Amino acid sequence: MDGSSRNDVCPQFLDLVPKERAWLVNRDEQRRRGLSEENKLELRLGPPGEDWSMTDNTMKNQRERSESLLSLGYYSTTTPMTQNTSINNNGNGSQTQMFSSPENTGGAVLSSPWPSSAFQGKTQHNQKQTKTPSFLQVPSTHQSSPVLAQEASQPRCSNVVELQTAEKKAFSQSSAMTAVPNSSQKRTAPSPVVGWPPIRSFRKNLASSSSSKPASESQNGVPDKVPCKKPVESCTKGLFVKINMDGVPIGRKVDLKAYDSYENLSSAVDELFRGLLAAQRDSRQDGILKKQEEDKAITGLLDGSGEYTLVYEDNEGDRMLVGDVPWHMFVSTVKRLRVLKSSELSALSLGSSKQDKVSSLESSRR
Amino acid sequence: MPRMGYSFPEEVLEHVFSFIQSDEDRNAISEVCRSWHDIERWSRRRVFVGNCYAISPTMVIRRFPEVRSVKLKGKPHFADFNLVPEGWGGYVAPWISAMASAYPWLEEIRLKRMVITDESLELISKSFKNFKVLVLSSCEGFSTDGLAAIAANCRNLRELDLGESEVEDLSGHWLSRFPDNYTSMVSLNIACLGWEVSFSALERLVGRCPNLRTLRLNRAVPLDKLANLLCRAPQLVELGTGAYSSELRPDVFSNLSGAFSGCKELKSLSGFWDVVPGYLPAVYPICSKLKSLNLSYATIQSPELIKLVSQCQNLQRLWVLDYIEDAGLDALAASCKDLRELRVFPSDPFGQEPNVPLTEQGLVSVSEGCPKLQSVLYFCRQMSNAALMTIARNRPNMTRFRLCIIEPHTPDYLTLQPLDVGFGAIVEHCKDLRRLSLSGLLTDRVFEYIGTHAKKLEMLSVAFAGESDLGLHHILSGCDNLRKLEIRDCPFGDKALLANAAKLETMRSLWMSSCSVSFGACKLLGQKMPGLNVEVIDERGPPDLRPESCPIDKLYVYRTVSGPRFDMPGFVWTMAENPALRLS
């Protein structure tokens, strides 16, 4: 098949799928031809006129739509698709794209084949044959799975649930499909999902400024100070807190669950930042290349004896020296870590001075 | 017939082109002929690069040598929700260093979701003598030290907007670095800063900048100092308060109220952290002039919100928490007939049960009462197809519709059906819809509706929806104007992606995470499509240690003319033609 089948009238932008959007996958024939994996994927690439496709006319499948619906099986690679030539308005030759799922079909297990009546529905409404809103016109037999085909009038929800459940079993590798589809009104408790609902971190802890109700006009007008709720995300796996170091522009994150004592944390911080700090020092010397010296270890983080000291911000927004409270208590209240120059410690107000009520804003922003 | 293009001297064409600002138009002009291309490129002053990895700074500079204003975007949108691991990229440093030497007259830099260091800020402050505008929207990687450099060196700075960036707050004294004779500030937005800035420096700065129009304070600025600031800047058009709480004292109240009354030009208000309702009436005098009100941090109840909002008859934009309730939205619909944009954020996003009576009804009311409503972001816990159909019929002028039903897979609560038909109505009626975010229980059908009707759609966000590759195929084959597609947790695999590979070159980017795209398919896509960077992001380790059929964790595909990037962290791999180029 050469490029002449491309429609010269419509602007083609390297679309693999012809304008009428019918397309076809034919794995049977592909297997028979014993094509190598690479060749199995026929992508129409290159500008119009250039055709990389290796398909030939014998690949065109002219089966009727109805056959296609009935022949759909659940996820089988031998499922043929049909092409609906009746909507081939532009006179385009139908294209056949073949592609393989890599080696085996384990990766992309699909729950449904591609009934061409999907496209038929579109054509119908394009022709505006009835007055009903077009999206309602899609015939109920046009379903995305044979299971649904027979149950047009019933609530589709449960079928969708079946499909999704089946898919979920297949997608065992997929780690984030934690939400369970639920067709009843009762909602099961959701497991925390990363990045859901889609709100920015600084919007997450607003309601916790009052646990149940928003601030009401209390007598003295000062809102109650309630510890900020940790975002659900941080409870799932590990306890990641951000850690920034003076002189190092980009912060890092550490998983506090990986340590069981302040000493371990301190050496982890040293490891994390030692190289970075050295790199920063080098770069600040106007690019003069220094001899490779051993990077200076960062010590004395906990006792004030070193050049740097480790401090943290707790859930009330206060800045505290690391090491004062028992480890487990620290882990449960820490929101963020900082490695500050020991010389600048006195300039900051540490501990829980009331002045630093304003610092609660920062923890709520995280 | 003489060819008109050649009969005009260059200067004339240049003058004509100077009236043409839109990128699209300029791109069209540059395709007319060689000489127009050359004239246009020398006269282009603004460049927008929607994906900083789509092109290299060198290429931009080579083509447009006289640029004065640059806007760059880095990380994909889902980075806002922590789906992009830290360290992924978006570093602006190469751009800044290239522009430092190439564009000495650069005036404006606007960045979104990029990583910028203090070193870059310092370089900016020293390289561009006429630097005027710095906008850092959702950026990170810098501290107040970098801001100090900007303050100290940018004599002509007009706009410093830190957006919602993460700034390492080392000291509040950076603000004092603005010289005493610096008076040109027009817009200052420091709302994202966590810690106090030097208040006296702020006061003096505000007092000596007569052209100051926009001032967005951070939460650390106490309410009792606000009146003072306002009195020094009665010409303000946009104000973001600090914490809006203080002990209720009549003198503080009357000062505040008087100060607000003095701001005759004020059209936009934001801030309102920790609101004490007793102080809200201080803003009543200016409510009728307000066009934009951001109460999305204000944890106040519906009655107070209603009192406030009912006085803002000219309101065009409202951002608010769901504390407003359906009743408040009814009041909004009744009072604010000029409303164009509504965003309702969840006060308790992780709670399992609704904590406030805010349902689909509120949105329906606003769609009925506000004829100009065109942009919606709405978080709620229940929705029905009927409501969506009503909204669609009421507001065919909708251009941005983002609905987030908090619990994934939630069906129509009345019929228990999927919400396909409701969203189908949205895309069918709202013919100019440019942005859409889906949620709730959705089958492949909704994607068929979208592919059929959403012809102007440019950005689509999909989560926990669909049943099969057919869904993705509908989107990619049907949405002619699609530029950005972001998908998470959907059962979309290799088929639709590979079959529509060429479509990806017409889009800015595609994000797919927690779907079912196999590593093998990614490799194939990368090999066959040299015009795309196919990035596999997987913190579990190298994908080639697992079978090729294994689904990868995250996929980010974007078109580029500059090939694979070289600043990828260890958990990102680019699938390239030449396996040797796959850097890790």
Side-chain angles (χ1 to χ4, degrees), chain A residues 13-17 21 23 41 43 45 97 99 101-104 106-108 110-112 114 118 122 135 144 155-157 160 163 167 171 173-174 176-177 179 181-183 187 189-190 194-195 197-200 203 206-207 209 214-215 217 220-221 223 232 244 249-250 253 358 361-362 365, chain B residues 80-83 86 117-118 141 168 194 219-220 245 247-248 274 276-278 299-301 323 345 347-350 352 404 406-409 411 416-418 424 428 443-444 449 452 464 467-470 477 489 491 493-495 498-499 501-502 506 514 516 518 520 524 528 548-551:
Chain A
F13 56 61
L14 312 178
D15 191 358
L16 299 178
V17 179
R21 302 187 208 121
W23 54 287
L41 169 61
L43 301 178
L45 305 173
Q97 287 85 22
F99 54 77
S101 49
E103 288 144 3
N104 58 50
L110 306 168
S111 69
S112 73
W114 309 71
K122 274 196 278 273
F135 60 84
S144 52
R156 300 183 47 168
C157 191
V160 171
L163 282 175
E167 282 175 11
F171 300 145
Q173 314 271 6
S174 170
M177 296 184 102
N182 198 332
S183 58
R187 294 193 186 118
V194 174
I199 51 173
R200 307 285 305 272
R203 293 197 187 279
L206 289 169
S209 63
E217 206 158 331
N220 59 5
V232 178
N244 286 82
I250 300 183
K253 275 193 174 155
V358 297
L361 60 92
E362 188 167 36
R365 274 193 54 237
Chain B
D80 285 356
F81 316 127
N82 301 323
L83 286 177
E86 201 158 310
T117 60
D118 286 343
E168 195 192 346
R219 195 169 175 178
S245 67
E247 273 183 29
L248 277 176
D274 313 314
V276 165
T299 51
I300 44 174
Q301 284 183 330
Y323 289 137
F345 295 97
S347 52
D348 186 19
F350 303 109
Q352 290 162 28
C404 180
I406 290 180
E407 174 80 24
H409 307 292
L416 301 184
Q417 300 284 322
E428 197 194 358
T443 72
D444 285 344
Y449 299 147
T452 306
F464 305 103
E467 308 157 278
S468 76
D469 271 47
L470 189 56
S477 57
D489 292 274
D494 302 339
K495 260 170 116 164
L498 295 174
T506 70
S514 305
S516 310
S518 71
L524 205 44
K528 294 288 188 185
E548 280 210 351
S549 54
C550 247

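Proteins get letters first, then strands, A, B, ... in listed order; numbering begins at 1 in each. Computed from a predicted model, the values in this text were never measured in an experiment.
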Non-hydrogen atoms of B:F350 and A:P197 that approach each other most closely: CE2-CD, 3.9 Å
Closest approach of B:N82 to A:V194 (non-hydrogen atoms, all atoms of both residues): O-CG1, 4.0 Å
Under 4.5 Å from any heavy atom of chain A - which part of B:L83: side chain
